[in-house]
Novice: 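Just passing along the structure, written as structure tokens.
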Number of protein chains: 2
Amino acid sequence: MIWVNVRPALPGLRVGVQNRVSMTSAEPSRQAPADPCADCDARGESVCNAIGDEFLPRLAEATQVTHIEPGQCFITEGEKADAFFNITAGSAKLYKLMADGRRQITGFAVRGHFLGLAVSATYAFSAEAIEPVRLCRFPRAKLFRLLADFPALERRLLERAATELVAAQEQMLLLGRKTARERVASFLRAQALAAPCGRPRAMVALPMRRGDIADYLGLTIETVSRTLTRLRAEGIIEIPDQTRVLLRDPARLARAAEG
Amino acid sequence: MIWVNVRPALPGLRVGVQNRVSMTSAEPSRQAPADPCADCDARGESVCNAIGDEFLPRLAEATQVTHIEPGQCFITEGEKADAFFNITAGSAKLYKLMADGRRQITGFAVRGHFLGLAVSATYAFSAEAIEPVRLCRFPRAKLFRLLADFPALERRLLERAATELVAAQEQMLLLGRKTARERVASFLRAQALAAPCGRPRAMVALPMRRGDIADYLGLTIETVSRTLTRLRAEGIIEIPDQTRVLLRDPARLARAAEG
DNA sequence: CGAGGGTTTGAATTAGATCAACTCTCGTGG
DNA sequence: CCACGAGAGTTGATCTAATTCAAACCCTCG
């Protein structure tokens with residue numbers, strides 16, 4: 001068995017860190033804004049919104065805004081888990097690797113996702129940017145201090161973890177018991193709902209590669225491609241280009257996702 | 001495709017509830033012991049140990065000790081999530097069903113497991129006893145009051161959820177990318193470690209049926225059986241009876257679980 | 001225009017599923 | 001005490017969905 005979908009992780013990767021620098025390009029003249037977290041356009045989707053406006057400077061003090069380029073790895077499975085991450089823009093894939101290169105993508109993270117929750121001293125998965133990622137990096141100790149001071153934040157994290165767990169169980173059902181057709185259809189439906197921008201969209205963005213979809217669904221690239229082609233031939237979807245899919249018949253797609 | 005591993009859930013099942021009754025049969029004469037949670041032999045493994053001894057009466061007030069017989073279902077997917085559960089004895093299987101009967105077991109719960117974490121108003125999975133189960137049932141409102149009063153309990157739940165999430169990701173890797181042989185070997189290794197009783201055991205108890213193992217590993221009963229037979233033929237395991245497996249060569253089993 | 005990476009399509013192969021006996025154990029009752 | 005039957009597990013023979021191998025097909029970009 002040979003597995004080639006994998007791009008090796010870049011081990012000693014350096015990422016550019018900008019500490020408390022506002023990303024608002026409309027105001028390039030202001031240096032060191034009083035409160036970068038107040039300007040954060042991901043505040044609505046993020047766990048940090050458990051912290052009231054009056055404490056935002058305290059929040060800003062605990063975090064570093066960081067940019068990650070596509071293909072760069074910002075969490076590596078097995079390495080010391082010394083920080084937590086909150087994605088504020090872009091998208092990333094989370095995955096586990098086996099010794100022989102087999103890969104399972106356990107999820108895609110977009111704006112508002114919080115990464116790194118782990119009791120263990122090391123990360124249980126790797127994370128790599130798909131589109132350019134902007135994220136807030138919380139050193140372990142600082143986050144724990146925040147948690148101690150803001151119980152609402154801890155509650156929010158618990159809710160997030162519970163939601164992730166439910167999603168993981170759904171994914172186990174998909175991986176263990178669904179056919180290729182059902183997996184692809186389920187994936188398209190989920191992507192339509194999971195978009196960071198509100199209501200279910202008919203036009204689904206697929207910023208990840210076919211190999212990523214395959215490794216997320218437990219299939220091969222070829223099977224994903226064939227299945228998408230089939231769904232298009234049946235008039236259920238349209239594929240204007242490789243990064244987008246139009247859901248032309250959501251009802252039939254829903255039926256294809258179940259029995 | 002026909003799927004027969006499934007035993008239909010019993011919908012309107014009644015379970016016997018004993019409110020704050022000590023299970024210690026050695027002291028049948030004492031009625032209404034001052035502090036049942038202090039006697040709890042699962043306290044070491046349970047999240048409740050985040051609550052100090054001095055507050056145990058408060059804890060006991062919030063919970064009901066309940067017994068579940070094998071085959072009985074005490075959580076049903078889709079139903080109103082009005083309670084949380086802490087298993088204190090026995091074992092249960094957690095699973096999701098598809099409309100046509102396909103089943104994915106998402107985990108096995110033993111002493112110390114906390115169930116029902118969910119933001120949603122309904123349970124995302126079903127739970128059915130395998131061996132006779134003893135559990136503490138926490139009505140939703142009472143647990144939330146406990147969480148508000150004991151931040152350490154909330155922290156403990158967050159740790160648990162994070163640990164479960166890591167396990168779920170490992171299971172996704174298994175379901176999405178491992179061969180039948182690797183799945184069965186991984187399962188046996190995990191069971192040897194996950195036993196509620198401390199260190200890895202060479203003799204692994206398998207209280208669940210072959211069909212349960214199959215639905216947990218995303219395989220069929222026949223494939224599980226054949227794979228176990230093969231591992232036995234290779235001298236890696238012994239199968240004294242259907243409910244137990246002896247790990248005869250843990251090193252080779254570990255190799256069988258990976259590439 | 002040509003190279004190279006990603007994707008699609010086609011043909012051959014296979015791991016695991018399906019179908020079908022057969023075995024084992026255990027409880028029941030004549 | 002033993003025949004019987006039911007449920008669970010095992011084993012064998014076939015089948016198939018998805019993988020593997022192989023080749024074309026697109027884009028994009030220098």
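The sequence lines fix the lettering, A, B, ..., with proteins before strands; numbering per chain opens at 1. On a predicted model such as this, the values are computed, not experimentally measured, just so you know. The figures that follow rest on heavy atoms only: side chains count, while hydrogens, waters and symmetry mates do not.
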Novice: Between the main-chain N or O of Y216(B) and the side-chain N or O of Q104(B), is there a donor-acceptor pair closer than 3.5 Å?
Specialist: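 The answer is yes, because a donor-acceptor pair under 3.5 Å joins these two groups.
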
Novice: Atom CG of D241(B) and atom C1' of dT10(D): how far apart are they, to the nearest Å?
Specialist: 15 Å

Novice: Take the protein atom CD1 of I130(A) and the nucleotide atom C1' of dG6(C), then report the distance between them rounded to whole Å.
Specialist: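 Distance check: I130(A) CD1 to dG6(C) C1' gives 15 Å.
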
Novice: Give the rounded distance in Å between these two atoms: CZ of R181(A) and C1' of dA17(D).
Specialist: 14 Å

Novice: Output the single nucleotide from dG16(C), dT10(D), dA18(D) whose closest atom is nearest the side chain of I221(B).
Specialist: dT10(D)

Novice: As a test of reading the structure: which of dG16(C), dT7(C), dA18(D) is closest to the side chain of L219(A), going by heavy atoms?
Specialist: dA18(D)

Novice: Say whether, by atom type as modelled, one donor and one acceptor occur between the side chain of R252(A) and the main chain of E234(A) under 3.5 angstrom.
Specialist: yes

Novice: Would you kindly give the CD1-to-C1' distance between I239(B) and dT11(D), to the nearest whole Å?
Specialist: 13 Å

Novice: Should the pair F85(B) and F74(B) be assigned to parallel (<30°), tilted (30 to 60°) or perpendicular (>60°) ring geometry?
Specialist: perpendicular

Novice: Below the 4.0 Å mark, does dT19(D) have OP1 or OP2 next to a side-chain nitrogen or oxygen of T223(A)?
Specialist: yes

Novice: Looking at Y95(B), I'd like to know if the NZ or CZ of R103(B) sits under 6.0 Å from its six-membered ring centre while staying within 45 degrees of the ring's axis.
Specialist: yes

Novice: Counting heavy atoms from C-beta on, name the nucleotide in dT18(C), dT19(D), dA8(D) closest to the side chain of E222(B).
Specialist: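 Looking only at side-chain atoms, E222(B) lies closest to dT18(C).
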
Novice: If I take atom CZ in residue R183(A) and atom P in nucleotide dA17(D), what distance separates them, rounded to the nearest angstrom?
Specialist: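 It is 14 Å, rounded to the nearest whole Å.
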
Novice: Counting only heavy atoms not in R248(A), do more than 12 fall under 6.0 Å of its CZ?
Specialist: no

Novice: Please check the phosphate of dT7(C) (OP1 and OP2 only) for any side-chain N or O of S225(A) closer than 4.0 Å.
Specialist: no

Novice: Using atom CZ of R102(A) as one end and atom P of dT19(D) as the other, report the distance to the nearest whole Å.
Specialist: 13 Å

Novice: Quickly work out the Q242(A) CD to dC25(D) C1' distance and round it to whole Å.
Specialist: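 Result: 11 Å.
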
Novice: With no angle test and no hydrogens, is the base of dG12(D) tied to the side chain of R226(B) by a donor-acceptor pair under 3.5 Å?
Specialist: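 Per atom types, the contact qualifies.
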
Novice: Ignoring backbone atoms, test whether T220(A) places a side-chain nitrogen or oxygen under 4.0 Å from the OP1 or OP2 oxygen of dT20(D).
Specialist: no

Novice: Nearest-Å distance, CG (D212(B)) to C1' (dG9(D))?
Specialist: 13 Å

Novice: Does T229(A) have a side-chain nitrogen or oxygen under 4.0 Å from the phosphate oxygens OP1 or OP2 of dT9(C)?
Specialist: yes

Novice: Would you tell me if any nitrogen or oxygen in the side chain of R210(B) comes within less than 4.0 Å of OP1 or OP2 on dT10(D)?
Specialist: yes

Novice: Starting the side chain at C-beta, find the nucleotide from dG16(C), dA18(D), dA8(D) nearest to A180(A).
Specialist: dA18(D)

